[in-house]
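FYI, the numbering just counts along the sequence from 1.
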Amino acid sequence: MIHIFKAIIPTFSESTKAKLPSESEILTKFIKPGADSIAWDELVSIDTKEDVYFDTIKHRVAAVSLVLADYNRDSECESLAIDNKAVWPHIYESIINLKPADIIATIGSQGFLSIPLFHSDDKNGHFEFLRLHIWDQSFAGYIDKEKTHMFSIHCHQFHAQSHILLGELKNCRFSVIESASPTDHSFFEIVWNSIEKVNQKTSNAINTGTFVLVNETAKEMYAANDQYEIEAGEFHTSTVSDDCTTATLFLFTGKKGKVERSYVVGPSEIENSIVNRKETIDPKDILIKINKKLSQNE
């Protein structure tokens, strides 16, 4: 549990980290004297309502434990095994009672809201990063649709797995091959203004001058409870229809692969494109909407 607790801390705003209970306070609150762990059902039964930050930590640890339990138990790391009805209430409760300033909720270049839930990186190859991704028409005012479309084809440095909590999503896969001759598309490298802040960075997509040939190889549709995987370095796009609210859990992991660097594909005539993550998004309205929809689906 302490490992999960430590990996939860980076997912809160800087001003909030000082308000969170310390490791010793967590141990005192949740671990019985003489014990070195706590059962999941015992953890969630502890009354923490009097302190919003203890309550947040309890529910976040409970949610992350459920998401990663089967995944980490399997040495082959074949897939996530997530029960939406069991996991979502704890994700919801770990966010909804916080102040907006406590929450890191940002909209990036791909047009969805991203809320980090767990971030573990020992700098020695062990990397896991779990995020809640949300697409909703209410974010339209924060998104440059033209820029999102131009730079929608991308790959990830780490292997990724996505689990659909709500709604529908289209995932397209692409073959992207370097070309010796000029083409309409080029590789863009993402340069961040910070390597330390989780989901709070500004990125600049810089044209590398490498022309590429792009071909769509697969088009897949997913709905609630479905999941799919993206190999490290594999190019894809994830999109939803304008009238659909979609929520997913997205896990990056170094266990199934890592590439030296990731790229975005963009128009060859553009030299660079800046993406600012919006740190001022208050996610509570959309979380309440999702919670209502998931409750109705039970």
Asker: May I ask whether V52 and L43 are part of the same hydrophobic cluster, defined by side-chain heavy atoms of I, L, V, M, F, W, Y residues being less than 4.5 angstrom apart, directly or through others?
Answerer: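 As far as the 4.5 Å side-chain criterion goes, L43 and V52 are connected within one cluster.
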Asker: What residues form a ring pair (Phe, Tyr, Trp, His ring centres under 6.0 Å) with F112, not counting sequence neighbours?
Answerer: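 Checked F112 against ring pair (Phe, Tyr, Trp, His ring centres under 6.0 Å); matches are H133, W135.
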Asker: Going by atom types only, do H163 and D226 share a side-chain donor-acceptor pair under 3.5 Å?
Answerer: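 Judged by distance alone, the side chains do not pair up.
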Asker: Go through it in stages, so that I can follow the logic: the residues are D51 and K29, the test is salt bridge (charged side-chain N to carboxylate O under 4.0 Å, His left out), and I'd like the CA-CA distance, side-chain angles, deciding distance and then a yes or no.
Answerer: CA-CA 12 Å; D51 187 304; K29 181 73 173 180; over 6 Å; no
Asker: Quick check: does any side chain N or O of T248 sit under 3.5 Å from a backbone N or O of F250, one acting as donor and the other as acceptor?
Answerer: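 Side chain of T248 to backbone of F250, a donor-acceptor pair under 3.5 Å: no, none is there.
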Asker: Tell me, with the steps shown, if V259 and F158 meet side chain to side chain contact (heavy atoms under 4.5 Å, CB included).
Answerer: CA-CA 7 Å; V259 293; F158 294 92; over 6 Å; no
Asker: Just jot down the salt bridge (Lys or Arg N to Asp or Glu O under 4.0 Å) partners of K284, sequence neighbours excluded, or say none.
Answerer: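 Partners of K284 under the salt bridge (Lys or Arg N to Asp or Glu O under 4.0 Å) test: none.
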Asker: Between NE2 of H159 and CD of E229, what distance do you get to the nearest 0.5 Å?
Answerer: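 The NE2 atom of H159 sits 4.0 Å away from the CD atom of E229.
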Asker: side-chain hydrogen bond (donor to acceptor under 3.5 Å, both in side chains) between S13 and D102: does it pass, once the steps are laid out?
Answerer: CA-CA 5 Å; S13 69; D102 293 332; 4.8 Å; no
Asker: Please say whether more than 12 non-hydrogen atoms of neighbouring residues, nucleotides or ligands are located less than 6.0 Å from CD in E189.
Answerer: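 It does: E189 CD has more than 12 such atoms within range.
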Asker: So, does S94 use its side chain to make a donor-acceptor pair with the main chain of H59 at under 3.5 Å?
Answerer: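 Flag not set: sc S94 to bb H59 has no pair under 3.5 Å.
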Asker: My understanding is that only residues two or more places apart in sequence, or in another chain, count here; which of them pass side chain to side chain contact (heavy atoms under 4.5 Å, CB included) with S152?
Answerer: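 For S152 the side chain to side chain contact (heavy atoms under 4.5 Å, CB included) partners, ignoring immediate neighbours, are Q110, T237.
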Asker: Compare all side-chain heavy atoms of V212 with those of S179 and state whether any distance is below 4.5 angstrom.
Answerer: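 Result no, sub-4.5 Å side-chain heavy-atom pair not found.
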Asker: Quick check on E146: does its CD atom have over 12 non-hydrogen neighbours (other residues, nucleotides or ligands) under 6.0 Å away?
Answerer: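 For E146, atom CD is not crowded (no more than 12 foreign heavy atoms under 6.0 Å).
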Asker: Check whether D47 reaches the backbone of K49 with its side chain - one donor and one acceptor, N or O, closer than 3.5 Å.
Answerer: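 Yes, because the side chain of D47 sits within donor-acceptor range (under 3.5 Å) of the backbone of K49.
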Asker: Should the pair H119 and F127 be assigned to parallel (<30°), tilted (30 to 60°) or perpendicular (>60°) ring geometry?
Answerer: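 Rings of H119 and F127: perpendicular, as their planes differ by over 60°.
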Asker: Rounded to the nearest 0.5 Å, what separation is found between the CG atom of D184 and the OG atom of S268?
Answerer: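 It comes to 6.5 Å.
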Asker: Is there a side-chain contact between L132 and L113 (heavy atoms, below 4.5 Å)?
Answerer: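 Counting from C-beta outward, L132 and L113 never come under 4.5 Å.
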Asker: Enter the distance from T246:OG1 to E168:CD here, rounded to the nearest 0.5 Å.
Answerer: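 One finds 7.0 Å between OG1 of T246 and CD of E168.
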Asker: Do L213 and F211 land in one hydrophobic cluster if side-chain heavy atoms of ILVMFWY residues count as linked below 4.5 Å?
Answerer: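 No, because L213 and F211 fall into different hydrophobic clusters, even though each may have its own neighbours under 4.5 Å.
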Asker: Using only heavy-atom distances, determine whether the side chains of N207 and E271 contain a donor-acceptor pair under 3.5 Å.
Answerer: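 Result is no, nothing qualifies.
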Asker: Identify whether the distance between the nearest side-chain nitrogen and carboxylate oxygen of E93 and R60 falls below 4.0 Å.
Answerer: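 No, no charged N to carboxylate O under 4.0 Å.
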Asker: Determine, using ring centers only, whether F118 and F129 are less than 6.0 Å apart.
Answerer: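 Distance test on ring centres: not under 6.0 Å, no.
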Asker: How long is the straight-line distance from CD1 of I281 back to OG of S138, given to the nearest 0.5 Å?
Answerer: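 Reported value, rounded in 0.5 Å steps: 8.5 Å.
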Asker: To the nearest 0.5 Å, what is the distance between CD1 (I91) and CG (L294)?
Answerer: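 I91 CD1 to L294 CG: 9.5 Å, rounded to 0.5 Å.
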Asker: State the OG-CG distance between S162 and N171, to the nearest 0.5 angstrom.
Answerer: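 Reported value, rounded in 0.5 Å steps: 8.0 Å.
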Asker: Return the set of residues passing side chain to side chain donor-acceptor pair (under 3.5 Å) with D242 (not counting sequence neighbours), or none when no residue passes.
Answerer: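 Side chain to side chain donor-acceptor pair (under 3.5 Å) list for D242, sorted by chain: empty.
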Asker: Can you tell me how the ring of Y92 sits relative to the ring of W88, calling it parallel under 30°, perpendicular over 60° and tilted otherwise?
Answerer: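 Y92 and W88: tilted rings.
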Asker: Mind jotting down which residue pairs meet the ring pair (Phe, Tyr, Trp, His ring centres under 6.0 Å) criterion with at least one end in residues 217-238? Sequence neighbours excluded, please.
Answerer: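 Sorted pair list: H154-H236, H156-H236, F187-F235, Y222-Y228.
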Asker: Between E216 and R173 (salt bridge meaning N to carboxylate O under 4.0 Å), is one present in this structure?
Answerer: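 Between R173 and E216 there is no salt bridge, as every charged N stays at least 4.0 Å from the carboxylate O atoms.
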Asker: More than 12 foreign heavy atoms under 6.0 Å from CG of N272: is that the case here?
Answerer: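 Atom CG in N272 is packed in, count exceeds 12.
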Asker: Quick one: do K32 and E42 make a salt bridge, cutoff under 4.0 Å?
Answerer: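 Yes, this pair counts.
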Asker: Can you list, pair by pair, the side-chain donor-acceptor contacts under 3.5 Å of residues 19-26, counting residues two or more places apart and other chains?
Answerer:
residue: S22; atom: OG; partner: S24; partner atom: OG; Å: 3.1
residue: S22; atom: OG; partner: E25; partner atom: N; Å: 3.2
residue: S22; atom: OG; partner: E25; partner atom: OE1; Å: 3.3
residue: E25; atom: OE1; partner: S22; partner atom: N; Å: 2.7

Asker: Could you tell me whether the side chain of F174 reaches within less than 4.5 Å of the side chain of E234, counting heavy atoms only?
Answerer: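 Counting from C-beta outward, E234 and F174 never come under 4.5 Å.
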Asker: Give a yes or no answer on whether the side chain of S120 reaches the backbone of A7 with a donor-acceptor pair at less than 3.5 Å.
Answerer: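 Between the backbone of A7 and the side chain of S120 there is no qualifying donor-acceptor contact (under 3.5 Å).
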